[in-house]
Amino acid sequence: HPALFAAGRNNLAKVRDKLMASMLKKQGYATAILGKWHLAGYPQDFTKSPMHPLECGFDYHFGTPGSNDVPAPPGKRQTRSLFDACDKFTFKVPLIRGRKLIEVPTDQELLTKRYTQEAVKWIGANRDKPFFLYLAHNMPHAPVFASKAFQGKSKGGRYGDTIEEIDWSVGQVMKAIKEAGIDEKTLVVFTSDNGPWSMFGPHAGTAKPLRGEKGTSWEGGYRVPGIFHWPGKIKPGKVDGLAANLDLYATFVTLTGGTQPKGLQGYISKDISGVLLRGASSPRNKWFYSSGSIAFRSGNHKIHLSTKNRSSNPDTRAREPIAKHDPPLLYDLSADIGEQKNIAADHPEIVARLLKEMRVFREGKNSTTAKPVKELTIEGIVGVYEMKVEEATARIVILKNGIIESYLKDEKVDEGNFSITNGEIHIKSKTNGGVSILRHEPNGDLTWVAVAVDGERKDLPKDKQETAKKIK
């Protein structure tokens with residue numbers, strides 16, 4: 001979002017070669033973006049911006065610089081009354097193909113249809129090569145529009161018509177993939193960047209049974225659909241876990257054989273390929289909410305240090321008051337997904353724990369203001385580790401030559417080779433050929449988190465994970 005780049009806080013132009021499209025392009029992928037971009041803000045000439053999609057790893061671009069409500073008409077603000085009264089040309093939104101301005105203002109009723117047609121055409125043209133298509137529809141951002149074929153077709157009014165056309169669009173894309181014969185080679189991800197902007201009435205839906213909407217720290221502002229489709233790879237089902245859109249980066253790196261960014265400030269993407277392909281638990285179990293009001297989630301529990309009911313006044317766009325909470329509100333999302341029952345008074349110990357975890361999250365490696373994370377290397381894990389096995393002491397010795405030795409009561413019982421993969425230590429036993437997967441803790445200890453049987457990873461339950469302490 002352009003607000004994130006204010007005052008030079010995040011100069012993305014310096015790391016354009018690290019953005020997702022650039023990363024995938026280096027892997028030999030054809031890359032395209034259709035729709036809303038937003039990472040360049042709203043420069044006077046978008047076609048010359050250093051953050052134009054063609055400067056950020058995309059081979060092909062067709063879309064708008066940002067949201068479909070920018071720029072607003074002279075002397076106007078993006079209010080509910082303007083959205084209700086506007087037509088498809090009120091907002092002078094430019095439509096651009098690559099470096100060429102196609103039209104301004106663009107016909108907003110045709111955006112979803114045109115992006116869909118471009119997507120189908122591009123998929124057909126790139127069917128014989130690996131590709132990355134980022135289809136970022138402008139809709140259903142307020143004000144919403146649908147083409148004439150969908151107007152008045154939904155029981156959900158103007159917003160419902162828009163959603164039905166998005167649904168049609170997804171169907172056309174899926175059909176194009178199947179007809180190209182690449183269904184089983186293609187991972188399709190469907191998601192959104194935030195919850196509905198309910199304060200704009202017919203230009204948005206609701207997040208029920210979730211509380212809140214876009215621009216708030218309630219679940220209705222953040223929790224969105226995350227649908228993954230990959231026949232033969234992803235089994236149909238439902239994942240009860242936490243992940244963020246930014247985790248797609250690390251996941252795509254793993255799936256394409258790429259390399260995770262090294263020493264990149266604020267890089268907190270987590271690989272969820274194990275969740276999708278093997279049914280593993282999600283590596284993400286915490287999140288910091290910062291939409292003006294502040295909240296923090298750890299597992300099923302969530303605290304609110306401050307809250308608001310909407311992002312701004314829809315009639316004036318003036319800022320809404322923020323209510324501060326001391327002690328914070330506490331909700332158990334496993335039993336109260338609508339965040340209706342504050343249980344802070346009954347569980348002060350949980351509130352205290354989450355406050356501590358939040359400080360660590362913001363100050364540590366999870367924070368977007370954190371210092372670069374040091375890469376895990378063989379030199380960094382070489383040493384001697386000890387753990388208790390029943391009544392005996394087991395010792396693990398990791399050597400510089402990639403060998404690991406195991407001792408029980410000072411007697412050598414096993415030896416193996418190890419490697420570092422995606423920030424984890426993989427050890428293959430010479431005795432039985434089994435593979436153990438260890439996590440290197442911030443304090444230097446090692447924790448057994450998974451095993452691999454016949455090449456398939458199996459994550460260990462937390463109560464079965466054991467830790468070996470580094471002694472030298």
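We're numbering straight along the sequence, starting at 1.
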Hey, does [Y] have a side-chain heavy atom less than 4.5 Å from the side chain of [X]?
X: K26; Y: D17; result: yes
X: P65; Y: P94; result: yes
X: L333; Y: R297; result: yes
X: D183; Y: H229; result: yes
X: V170; Y: V188; result: no
X: I272; Y: F228; result: yes
X: L255; Y: W230; result: yes
X: Y159; Y: P140; result: yes

So, [X] side chain and [Y] main chain: donor-acceptor pair closer than 3.5 Å or not?
X: S312; Y: E320; value: no
X: H61; Y: R99; value: no
X: S67; Y: D69; value: no
X: D332; Y: K302; value: no
X: S436; Y: I427; value: no
X: R310; Y: M199; value: no
X: N138; Y: G35; value: no
X: D59; Y: A32; value: no
X: H137; Y: M139; value: no
X: W218; Y: K308; value: yes

State which residue, out of K14, K25, R16, fulfils the salt bridge (charged side-chain N to carboxylate O under 4.0 Å, His left out) condition with E55.
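That would be R16.
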Exercise: identify the closest heavy-atom pair between [X] and [Y]:
X: I396; Y: I404; result: CG2-CD1, 3.2 Å
X: H325; Y: T307; result: NE2-OG1, 2.8 Å
X: F91; Y: Q78; result: CE2-CG, 4.1 Å
X: S22; Y: C56; result: OG-O, 3.1 Å
X: D271; Y: T251; result: OD1-CA, 3.5 Å
X: G444; Y: K470; result: O-CB, 3.8 Å

Using the benzene-type ring in the case of Trp, are the ring centres of [X] and [Y] under 6.0 Å apart?
X: W122; Y: F131; result: yes
X: F200; Y: F83; result: yes
X: H141; Y: F145; result: no

Could you go step by step and tell me if F252 and V189 meet the side chain to side chain contact (heavy atoms under 4.5 Å, CB included) rule?
CA-CA 11 Å; F252 291 171; V189 182; 4.3 Å; yes
Anything under 30° is parallel, anything over 60° is perpendicular, the rest tilted; go ahead and classify F132 against Y134.
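Parallel, since the angle between the ring planes stays under 30°.
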Once you round to the nearest 0.5 Å, how far does [atom1] of [X] lie from [atom2] of [Y]?
X: R211; Y: R223; atom1: CZ; atom2: CZ; answer: 14.5 Å
X: M23; Y: T31; atom1: CE; atom2: OG1; answer: 11.0 Å
X: L242; Y: W287; atom1: CG; atom2: CH2; answer: 8.0 Å
X: T116; Y: K121; atom1: OG1; atom2: NZ; answer: 14.5 Å
X: L329; Y: I303; atom1: CG; atom2: CD1; answer: 9.5 Å
X: K48; Y: H52; atom1: NZ; atom2: NE2; answer: 12.0 Å

Test of understanding: with ring pair (Phe, Tyr, Trp, His ring centres under 6.0 Å), list the residues that count as partners of F58, not counting sequence neighbours.
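So F58 forms a ring pair (Phe, Tyr, Trp, His ring centres under 6.0 Å) with W37.
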Does a side chain donor of either [X] or [Y] reach within less than 3.5 Å of an acceptor in the other side chain?
X: D445; Y: T467; answer: no
X: Y331; Y: E219; answer: no
X: W168; Y: T112; answer: no
X: E103; Y: T106; answer: yes

Go through the steps to decide whether D107 and K88 satisfy the test salt bridge (Lys or Arg N to Asp or Glu O under 4.0 Å), and finish with yes or no.
CA-CA 6 Å; D107 184 340; K88 58 188 179 181; 3.4 Å; yes
Please assess E165 against T162 for the test side chain to side chain donor-acceptor pair (under 3.5 Å), listing each intermediate value before the final yes or no.
CA-CA 5 Å; E165 188 164 22; T162 303; over 6 Å; no
Would you sort out whether M358 and K286 count as a side chain to side chain contact (heavy atoms under 4.5 Å, CB included), showing the intermediate values?
CA-CA 9 Å; M358 184 182 72; K286 298 178 177 66; over 6 Å; no
Candidate pair L355 and L305, rule side chain to side chain contact (heavy atoms under 4.5 Å, CB included), full reasoning
CA-CA 9 Å; L355 285 170; L305 284 76; 4.2 Å; yes
One pair to check against side chain to side chain donor-acceptor pair (under 3.5 Å): H304 and S293. What are the steps and the verdict?
CA-CA 8 Å; H304 288 266; S293 50; over 6 Å; no
Counting neighbours of [atom1] on [X] that are heavy atoms of other residues, nucleotides or ligands and sit closer than 6.0 Å, is the number greater than 12?
X: N443; atom1: CG; value: yes
X: K113; atom1: NZ; value: no
X: E184; atom1: CD; value: no

Tell me which one of Y289, F361, Y222 satisfies ring-ring contact (aromatic ring centres under 6.0 Å, His included) with F296.
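Exactly one pass, corresponding to F361.
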Does H440 form a side chain to side chain contact (heavy atoms under 4.5 Å, CB included) with L446? I'd like the steps, not just the answer.
CA-CA 5 Å; H440 186 256; L446 300 178; 3.7 Å; yes
